[in-house]
Number of protein chains: 2
Amino acid sequence: MFSKSTEYALRATIYIAQESNSDKKLSLNQIANAIDSPPSFTAKILQLLTKDNCIISSVRGPNGGFYITEDAKQLPIRKVLEAMDEQDLFIKCILGLNNCSETKPCPMHYQYQPIKKQLIKLFETKTILQLADPSQPANFLVNNSL
Amino acid sequence: MFSKSTEYALRATIYIAQESNSDKKLSLNQIANAIDSPPSFTAKILQLLTKDNCIISSVRGPNGGFYITEDAKQLPIRKVLEAMDEQDLFIKCILGLNNCSETKPCPMHYQYQPIKKQLIKLFETKTILQLADPSQPANFLVNNSL
DNA sequence: ATAATTAAGGACAAAAATACCTTTAATTGT
DNA sequence: ACAATTAAAGGTATTTTTGTCCTTAATTAT
Ligand code: FES
Ligand code: FES
C-alpha cells in the first residue's frame with residue numbers, strides 16, 4: 001500500500017501526537033526507538049514532515065526535539081501522505097493507467113472506485129489527533145512490540 | 001497500491017484473456033505493445049505467470065505465444081497477485097506493523113479493516129474472465145491510448 | 001565565551017525494483 | 001534435416017528506495 005518511508009512517517013506522526021506537546025519534545029532516538037524505524041532514515045523523514053513546520057515542529061539544541069502543535073493535530077492524515085509525495089493512491093488507476101476516470105474506465109474501475117473513495121475519505125477526514133486520541137484504547141500501538 | 005510489475009501482470013492477464021484462446025496465441029511484442037509495457041520486462045513477468053502454466057500458458061516456436069485456457073479464465077485475479085508475490089496488501093498493517101489483528105490493532109486498524117476486507121473480496125471473487133468479458137463495455141482499456 | 005546537545009543537511013552505500021540484452025531450447029514449416 | 005520463429009533463461013545495467021554517516025547550524029546550560 002505505502003512505501004516504508006510513508007509507513008514510518010505515519011507512525012512517527014501518530015507517536016509524536018501521542019507523546020509530545022510544546023513543553024515536551026521528543027528526540028530523534030526516542031521516536032525511532034518507539035516506532036521501530038532506523039534512526040538515520042527516520043531523521044530524513046522527519047525533515048520532510050517539519051518542512052515549514054506545517055505538520056511536525058522541531059527545535060535544535062539541548063532539550064530540543066520534535067513536537068506537534070495543537071493546531072497541527074487537527075490536520076487530516078492526508079497531509080502526511082502529501083508531505084511524503086504519496087498521492088498516486090488517490091489519483092492513479094489500480095492497473096497503473098495514466099488516467100482513472102468514468103470516461104475511460106479500465107476493467108477494474110467500477111469495482112475499485114467505491115473502495116478508492118473510502119480510502120480517500122478515510123485520509124481526508126481522520127485527523128492526526130483522532131488517531132492519537134488517548135481515550136481510544138486502540139490508539140497506542142505504533143511498533144512491533146508484544 | 002501495486003508495483004509496476006503487478007500492474008503489468010494484471011494488464012497482461014486481462015489482455016490475454018480478452019484476445020487469446022488455445023487457437024489464437026499472442027506474441028510477447030503484441031502483448032507488450034497492447035498494454036503499454038517494456039517488452040523485455042514484460043517477458044520476465046510473463047515467465048512468472050506461465051510458471052507451471054497455472055495462469056497463462058505458452059508454447060514456443062512459430063505460431064507460438066501466450067494464451068489462457070478456459071479453465072484458467074475462471075481463476076480469481078488474486079492468483080495473479082499471488083504469482084507476483086504481492087500479498088502484503090492482504091496481510092500487512094497499513095502502518096507497516098508486522099501483525100495486523102484485532103488483538104493488536106494499530107491506531108488505524110478499525111478504520112482500515114473494512115476497506116481491506118472489500119479489497120480482499122474484490123480480488124478473491126472477481127475472476128479473470130469477468131474482467132475480460134467482452135459483454136461488459138468497460139472491459140477493454142488496458143493501455144494509455146485515447 | 002565555551003561546551004554540550006540536538007536537529008538539519010549533504011554525501012555516500014546497499015538493496016530492491018525496473019529494464020535490457022544475449023544465448024538457449026522448443027516448435028513449426030519447408 | 002534445416003531454417004525460421006518464438007518463448008525461456010540467464011546475465012547485465014539503470015533507477016529508485018532504503019538506509020548510513022559525517023559535518024554544520026542552532027540552542028541551551030554552565
Ligand atoms: S481507470 Fe482503472 S481504476 Fe479507474
Ligand atoms: S494493525 Fe494496523 S491495520 Fe490492522
Side-chain angles (χ1 to χ4, degrees), chain A residues 1-13 15-16 20 22-33 35-68 81 83-86 88-89 96, chain B residues 1-13 16 20 22-33 35-68 81 83-89 96:
Chain A
M1 174 77 68
F2 294 127
S3 66
K4 286 276 177 205
S5 303
T6 301
E7 289 174 356
Y8 297 150
L10 287 168
R11 301 222 295 270
T13 302
Y15 176 69
I16 293 168
S20 84
S22 52
D23 291 328
K24 184 186 173 202
K25 305 184 186 74
L26 305 166
S27 74
L28 169 62
N29 284 328
Q30 276 181 288
I31 295 167
N33 193 61
I35 69 171
D36 270 339
S37 65
S40 307
F41 191 38
T42 307
K44 292 290 180 210
I45 292 161
L46 288 170
Q47 272 180 44
L48 292 173
L49 296 174
T50 51
K51 198 86 181 171
D52 308 321
N53 278 359
C54 70
I55 301 172
I56 304 297
S57 305
S58 68
V59 293
R60 297 198 257 203
N63 302 314
F66 299 92
Y67 66 101
I68 186 169
L81 303 185
M84 302 307 294
D85 239 318
E86 190 108 33
D88 280 5
L89 189 65
Chain B
M1 172 78 67
F2 294 125
S3 66
K4 286 272 177 208
S5 303
T6 301
E7 289 173 355
Y8 297 150
L10 288 167
R11 301 222 294 270
T13 302
I16 292 168
S20 85
S22 52
D23 291 327
K24 185 187 172 202
K25 305 186 185 74
L26 305 166
S27 74
L28 170 62
N29 284 328
Q30 276 181 288
I31 295 168
N33 193 61
I35 69 170
D36 269 340
S37 65
S40 308
F41 191 37
T42 307
K44 288 290 181 210
I45 292 162
L46 288 171
Q47 272 180 44
L48 292 173
L49 295 174
T50 52
K51 199 86 179 171
D52 308 320
N53 278 358
C54 71
I55 301 171
I56 304 297
S57 306
S58 69
V59 294
R60 297 199 253 201
N63 302 313
F66 300 91
Y67 67 100
I68 185 168
L81 303 185
M84 301 307 294
D85 239 318
E86 189 107 35
Q87 304 172 59
D88 279 5
L89 188 65

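Proteins get letters first, then strands, A, B, ... in listed order; numbering begins at 1 in each.
- Put simply, CD1 on B:Ile35 is 11 Å from P on C:dA19, counting in whole angstrom units.
- Rounded to whole Å, the distance from CD1 on B:Ile45 to P on D:dA8 is 13 Å.
- Separating the NZ atom in B:Lys4 from the OG1 atom in B:Thr6 is a distance of 11.5 Å, to the nearest 0.5 Å.
- A sub-4.0 Å separation between OP1 or OP2 of C:dA8 and a side-chain N or O of A:Ser58 is present.
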Polar atom pairs (N or O), protein with nucleotides 11-17 of chain D, under 3.5 Å:
none

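- Listed pair A:Gln47 / C:dG9 meets the phosphate criterion, a side-chain N or O lying under 4.0 Å from OP1 or OP2.
- The distance from atom CE of A:Met84 to atom CD of A:Glu7, rounded to the nearest 0.5 Å, is 10.5 Å.
- Comparing D:dT20, C:dT24, C:dA8 against the side chain of A:Thr50 picks out C:dA8 as the nearest.
- C:dA16 atom P lies 16 Å from atom CD of B:Glu86, rounded to whole Å.
- With D:dT28, C:dA8, C:dC20 as the choices, the nucleotide that has an atom nearest any side-chain atom of A:Pro62 turns out to be D:dT28.
- Rounding to the nearest 0.5 Å gives a distance of 7.0 Å between OH of A:Tyr8 and CD1 of A:Ile45.
- For B:Leu48 and C:dT18, the CG to C1' distance is 13 Å, given to the nearest whole Å.
- The line from CE of A:Met1 to CD of A:Glu86 is 9.5 Å long, rounded to the nearest 0.5 Å.
- Here the P atom of nucleotide D:dC21 and the CG atom of A:Asn29 are 13 Å apart, to the nearest Å.
- Here A:Ile56 contributes atom CD1 and A:Tyr67 contributes atom OH; the two are 10.5 Å apart, rounded to the nearest 0.5 Å.
- There is no side-chain donor-acceptor pair under 3.5 Å between A:Thr50 and A:Ser58.
- The CZ-C1' distance, from A:Phe66 to C:dT5, rounds to 13 Å in whole Å.
- Contact check, A:Asn63 against D:dA29: a side-chain N or O comes under 4.0 Å of OP1 or OP2.
- The CE-C1' distance, from B:Met84 to C:dA16, rounds to 14 Å in whole Å.
- Spacing between atom CD of A:Gln30 and atom P of C:dT5 amounts to 15 Å, rounded to whole angstrom units.
- Taking side-chain N and O atoms only, A:Tyr8 has no distance below 4.0 Å to OP1 or OP2 of D:dT18.
- Here B:Leu26 lies in heavy-atom contact (under 4.0 Å) with sugar-phosphate atoms only.
- A:Leu89 has its side chain out of reach of A:Leu81: every pair of non-hydrogen atoms, C-beta onward, lies at least 4.5 Å apart.
- Listed nucleotides: C:dA19, C:dT28, D:dC21. Nearest to the side chain of A:Ser40: D:dC21.
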